[in-house]
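Just so you know, residue 1 is the first one in the sequence shown, and it goes up from there. Below, all heavy atoms of this structure are taken into account, side chains as well, without hydrogens, waters or symmetry copies. Whatever order the structure lists ligands and atoms in, that order sets their numbers, starting from 1.
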Amino acid sequence: MTAYQYWNPGVETMNRSELKALQLEKLKWAVKNALRTPFYAKRLKEAGVDSPDVIKTLDDLRRIPFTAKHDLRNGFPYGFLSVPKDEIIRLHASSGTTGTPTTIYFNREDIARWTAFVARSIYATGCNKTDVFQNMITYGLFTGGLGFHAGGEEVGMLVIPSGAGNTARQFRLMRDFGTTVVHATPSFLLHVESKMREEGVKRESLKLRKAFAGAEPYSEDTRKRIEALLAIDVYNSYGLSEMNGPGVAFECQCKNGLHLWEDGYIGEIINPDTLDPVKEGETGELVLTCLCREATPLLRYRTRDLSGFYTEPCACGRTHRRLRRITGRTDDMLIINGVNLFPSQIEEVVMSMKEAGNNYLIVVEKEGVLDRLTVRIEVSPALFTDDARLLNALKEKIRKTLQAPITINPRVELHEYGSLPVSEGKTKRVQDNRPKDI
Ligand code: AMP
Ligand code: ZN
């Protein structure tokens with residue numbers, strides 16, 4: 001039987017009514033704090049929430065209007081700042097590749113609170129100060145680097161700030177320092193595994209036992225594939241820069257949903273079209289209110305991420321509700337000849353097929369008036385033969401397996417191992433080459 005360990009047992013196993021009372025108290029603090037920012041001073045007053053006293057119960061949260069990404073952008077650079085500029089000590093920005101960045105500022109206490117949530121998350125997976133932690137993710141404006149780095153140090157692990165990329169150096173560091181835990185995107189972990197085979201790195205020469213994988217959506221089959229190929233435990237890590245970064249929701253050793261740390265965040269699931277709450281347990285858009293940051297308050301922030309809450313309690317004893325694996329974002333849905341398709345539906349099929357390699361790419365194009373969906377898949381060297389008949393049979397098998405669940409007839413292209421692009425940061429799985437409507 002697993003002996004579960006808690007970083008902060010009093011809070012992690014707090015009974016739900018106490019936890020809700022704590023949330024209410026922190027929500028009042030968050031509203032009071034938000035009223036100090038130019039953006040919320042206006043937005044909240046217009047909604048009749050001109051004082052924290054308006055919030056009497058947690059249900060009063062619904063009196064607060066939603067905040068969207070474009071609000072944050074419009075508020076750039078200081079519309080959401082609630083403390084004097086000389087109190088802030090760090091900023092991070094979202095990885096969004098277009099438009100004005102969304103920038104979050106932290107004061108010293110904000111960094112300490114955030115770090116404690118990351119430490120709690122790491123500890124929940126069974127790690128402790130004897131672990132050696134290699135943080136194989138981009139450092140910089142992206143929060144996954146410094147956020148996990150600080151959390152790992154807080155737990156007392158030896159932290160190796162290797163950053164992403166350069167697999168040869170990653171293997172050297174793993175061997176030299178006996179790395180036991182890594183953090184990376186799931187696609188980078190798959191790439192690491194392919195490289196291990198290519199470079200003849202023996203699994204026995206490494207002490208790896210766990211990985212934290214996040215920053216991008218991945219399926220349960222992808223998790224299982226990484227676990228089997230690398231012989232490690234993989235834990236799902238969810239966060240976003242608007243809510244500090246990592247340490248928002250994390251899997252415990254039960255690996256069955258991600259505990260949302262409800263003393264730091266209030267989570268709601270809404271229907272993105274009607275904006276009404278969905279029924280308990282249903283899937284919708286995750287909306288988060290940050291209860292743990294002073295310098296840049298965010299209330300009822302629409303994450304665009306799709307998830308839902310599990311309703312039954314977790315065997316680990318934590319009372320914080322668990323989110324289901326995030327399958328994608330409301331804005332990454334593709335419409336192919338009128339049929340809705342989430343890239344995660346394709347990933348599920350690809351990763352469940354043993355013939356498929358570790359990397360794939362979805363390409364959408366216009367062919368005349370119709371949309372054309374192509375799935376490019378790497379296949380393992382053993383299967384990649386010169387025998388056209390064998391390759392065609394494999395292509396046909398993959399095409400049929402894909403077509404059934406997605407109801408779209410895709411074109412399948414088989415590619416040699418290592419020939420599709422690999423990204424060190426978030427992987428771009430979709431190339432939509434259709435002309436944009438102007
Ligand atoms: P960023 O603000 O650049 O850190 O990006 C945050 C976004 O990455 C989230 O809003 C999600 O869309 C995505 N993301 C982060 N972690 C996960 C995860 N474990 N599963 C699925 N998507 C994730
Ligand atoms: Zn649990």
Side-chain angles (χ1 to χ4, degrees), residues 2 4-7 9 12-13 68-69 72 91-98 101-104 114 118 120-121 123-126 137-148 183-187 189 211-220 222-223 226 234-262 265 267 285-288 290 296 298 301-307 309-310 312-333 342-344 347 425-429:
T2 318
Y4 299 112
Q5 57 179 27
Y6 312 105
W7 184 251
E12 289 172 56
T13 62
K69 187 142 194 140
L72 256 179
L91 67 79
H92 279 284
S94 125
S95 55
T97 45
T98 52
T102 49
T103 309
I104 303 293
W114 171 26
V118 182
R120 181 197 292 186
S121 306
Y123 204 66
T125 66
I137 207 125
T138 317
Y139 277 63
L141 288 179
F142 174 60
T143 53
L146 287 173
F148 261 97
H183 168 224
T185 58
S187 37
L189 286 173
F212 312 131
E216 62 189 23
Y218 60 113
S219 65
E220 188 57 35
T222 304
R223 182 232 293 271
I226 301 171
V234 174
Y235 295 90
N236 197 351
S237 153
Y238 170 75
L240 59 163
S241 42
E242 295 92 322
M243 292 291 138
N244 295 335
V248 174
F250 221 91
E251 280 184 325
C252 66
Q253 284 174 286
C254 301
K255 289 201 275 188
N256 184 18
L258 302 92
H259 287 284
L260 172 71
W261 301 127
E262 292 183 283
Y265 304 92
E285 179 181 343
L286 175 65
V287 171
L288 291 171
C290 191
T296 320
L298 274 185
Y301 182 70
R302 293 187 59 182
T303 66
R304 303 270 167 193
D305 290 325
L306 293 167
S307 185
F309 281 107
Y310 285 114
E312 64 280 9
C314 187
C316 75
R318 289 179 180 81
T319 48
H320 300 234
R321 285 182 301 166
R322 285 165 302 143
L323 288 170
R324 283 201 293 272
R325 180 179 287 285
I326 287 90
T327 47
R329 298 170 54 80
T330 51
D331 44 11
D332 69 12
M333 188 179 77
F342 282 100
S344 58
E347 162 148 348
K426 290 172 196 277
T427 307
K428 212 172 165 308
R429 292 285 191 201

> Mind checking what makes side chain to side chain contact (heavy atoms under 4.5 Å, CB included) contact with N236, not counting sequence neighbours?
Replying inline: Y218, E251, L258, R325

> Which ligand 1 atoms, with their elements, are less than 4.0 angstrom from a heavy-atom of F142?
Replying inline: 4 (O)

>> What's the separation between atom OG1 in T296 and atom CD1 in I104, rounded to the nearest 0.5 Å?
In response: 5.0 Å

> Does any N or O atom in K426 lie less than 3.5 angstrom from one in ligand 1, N or O only?
Replying inline: yes

> Any side-chain heavy atom of P186 sitting closer than 4.5 Å to one from E216?
Replying inline: yes

>> Once side chain to side chain contact (heavy atoms under 4.5 Å, CB included) is applied, do any residues pair with T125, and if so which ones, sequence neighbours excluded?
In response: C127, K210, F212, Y235, F250

> For A215 and ligand 1, does the shortest N/O to N/O distance drop below 3.5 Å?
Replying inline: yes

> Of D305, T102, L286, which has the heavy atom at the shortest distance from atom 12 (O) of ligand 1?
Replying inline: D305

>> Short of 2.8 Å from the Zn ion (ligand 2), name each protein N/O/S atom, waters not counted.
In response: C252 SG, H259 NE2, C314 SG, C316 SG

> Which atoms of ligand 1 sit under 4.0 Å from any heavy atom of R329?
Replying inline: 10 (O), 12 (O)

> So, do Y4 and E12 sit near enough that their side-chain heavy atoms are less than 4.5 Å apart?
Replying inline: no

>> Less than 4.5 Å apart, side chain to side chain, heavy atoms only: is that true for T13 and Y6?
In response: yes

>> List ligand 1 atoms under 4.0 Å from N236, heavy atoms only on the residue side.
In response: 18 (C), 19 (N)

>> Can you list everything that forms a salt bridge (Lys or Arg N to Asp or Glu O under 4.0 Å) with E242? Sequence neighbours excluded, please.
In response: K69

> Is there a side-chain contact between C254 and R322 (heavy atoms, below 4.5 Å)?
Replying inline: no

>> Strictly distance-based, threshold 3.5 Å: is any side-chain N or O of H259 a donor or acceptor partner for the main-chain N or O of H320?
In response: yes

> Do L286 and Y238 have side chains that get closer than 4.5 Å, going by heavy atoms?
Replying inline: yes

> Any idea which atoms of ligand 1 are less than 4.0 Å away from a heavy-atom of S241?
Replying inline: 1 (P), 2 (O), 4 (O)

> Counting from 1, what ligand 1 atoms have a heavy atom of E242 closer than 4.0 Å?
Replying inline: 2 (O)

> Which ligand 1 atoms, with their elements, are less than 4.0 angstrom from a heavy-atom of G239?
Replying inline: 6 (C), 9 (C), 15 (C), 16 (N)

>> Just so I know, are the side chains of L141 and L91 near enough to count as touching, which here means a heavy-atom distance under 4.5 Å?
In response: yes

> Contact between R325 and ligand 1, counting heavy atoms under 4.0 Å?
Replying inline: no

>> Suppose I only count heavy atoms of P217 and a 4.0 Å limit; which atoms of ligand 1 are within that range?
In response: 20 (N), 21 (C), 22 (N)

> Which atoms of ligand 1 are found less than 4.0 Å from any heavy atom of S237?
Replying inline: 16 (N), 17 (C), 18 (C), 19 (N)

>> The test is side chain to side chain contact (heavy atoms under 4.5 Å, CB included); show your working for T303 and M243 and say whether it passes.
In response: CA-CA 9 Å; T303 66; M243 292 291 138; 5.6 Å; no

